[in-house]
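Structure below; questions to follow.
If you're wondering where the values come from, they're calculated on a predicted model, not measured in any experiment.
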Amino acid sequence: MALPRPRLAPAVLALLGFICALVLVDTVFFTALTLLLPYYPRAAGLSKSGAGLLVAAYPLGTLVGALPGGLLAARLGDRLVVVLGLTLMSGSTLVFGWASSPMVLGAARFAQGLAGDGRPAGAAR
């Protein structure tokens, strides 16, 4: 005999949808650079090691920002931290899209990692 499935409240379903969207956006930004790797060494004058550093800047930003992001969420509240993270992600993505200098590309990619560090975890609390 199967157990009845519990019904979820609309607020819980909305929160679940929001968290799924945040995780999807974070995953897309993490992996989007793979398709652009042949372009950036020519356009920005990156070497192979420079392209590797560009790829590594996002997870490095996530690593550096994870603990401070969690502490910030505990102090300021989840909603404000999510809005701040989305704002930083939007701004750094615009900068990354128009940058041609290797340093600006790396800094923008690092900022994307900082912005994406704790948003899904902070939204789930």
Mind checking what makes side-chain hydrogen bond (donor to acceptor under 3.5 Å, both in side chains) contact with Ser100, not counting sequence neighbours?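 Applying side-chain hydrogen bond (donor to acceptor under 3.5 Å, both in side chains) to Ser100 gives none.
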
Is there any ring-ring contact (aromatic ring centres under 6.0 Å, His included) pair reaching into residues 64-93, and which pairs are they, with sequence neighbours excluded?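 Residue pairs passing ring-ring contact (aromatic ring centres under 6.0 Å, His included), neighbours aside: none found.
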
Considering only residues two or more places apart or on different chains, which pairs with a residue in residues 60-89 satisfy ring-ring contact (aromatic ring centres under 6.0 Å, His included)?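 For residues 60-89, and leaving out neighbouring residues, there are no ring-ring contact (aromatic ring centres under 6.0 Å, His included) pairs at all.
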
As an exercise, state the distance from OG1 of Thr93 to CG of Leu86, rounded to the nearest 0.5 Å. 10.5 Å

For Ser101, all residues meeting side chain to side chain contact (heavy atoms under 4.5 Å, CB included), sequence neighbours excluded: Met103, Val104

Which atom pairs, donor and acceptor, lie under 3.5 Å between side-chain atoms of residues 13-25 and protein residues at least two apart or in another chain?
none

Joining Ile, Leu, Val, Met, Phe, Trp and Tyr whenever any side-chain heavy atoms lie under 4.5 Å apart, the cluster holding Trp98 also takes in Leu94

Kindly give the heavy-atom pair with the smallest separation between Ala44 and Leu105, and that separation in Å. CB-CD1, 3.7 Å

Quick one: side chains of residues 59-75, donor-acceptor pairs under 3.5 Å with protein atoms, not counting sequence neighbours, listed by atom name and distance.
{"residue": "Thr62", "atom": "OG1", "partner": "Tyr58", "partner atom": "O", "Å": "3.2"}
{"residue": "Thr62", "atom": "OG1", "partner": "Gly113", "partner atom": "O", "Å": "3.3"}

Rounded to the nearest 0.5 Å, what separates atom CG in Leu114 from atom CG in Leu84?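 So the CG of Leu114 and the CG of Leu84 are separated by 12.5 Å.
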
Validation: residues 31-39 side-chain donor-acceptor distances under 3.5 Å, sequence neighbours left out:
{"residue": "Thr31", "atom": "OG1", "partner": "Thr27", "partner atom": "O", "Å": "2.9"}
{"residue": "Thr34", "atom": "OG1", "partner": "Thr31", "partner atom": "O", "Å": "3.2"}

Who pairs with Phe96 by ring pair (Phe, Tyr, Trp, His ring centres under 6.0 Å), at least two apart in sequence or on another chain?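 Ring pair (Phe, Tyr, Trp, His ring centres under 6.0 Å) check on Phe96 returns Tyr40.
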
Search all heavy atoms of Met89 against all heavy atoms of Gln112 and return the closest pair with its distance. CE-O, 3.4 Å

If I compare all heavy atoms of Ala111 with all of Ser92, which pair ends up nearest, and what's the gap?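 Closest approach of Ala111 to Ser92: CB-CB, 3.7 Å.
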
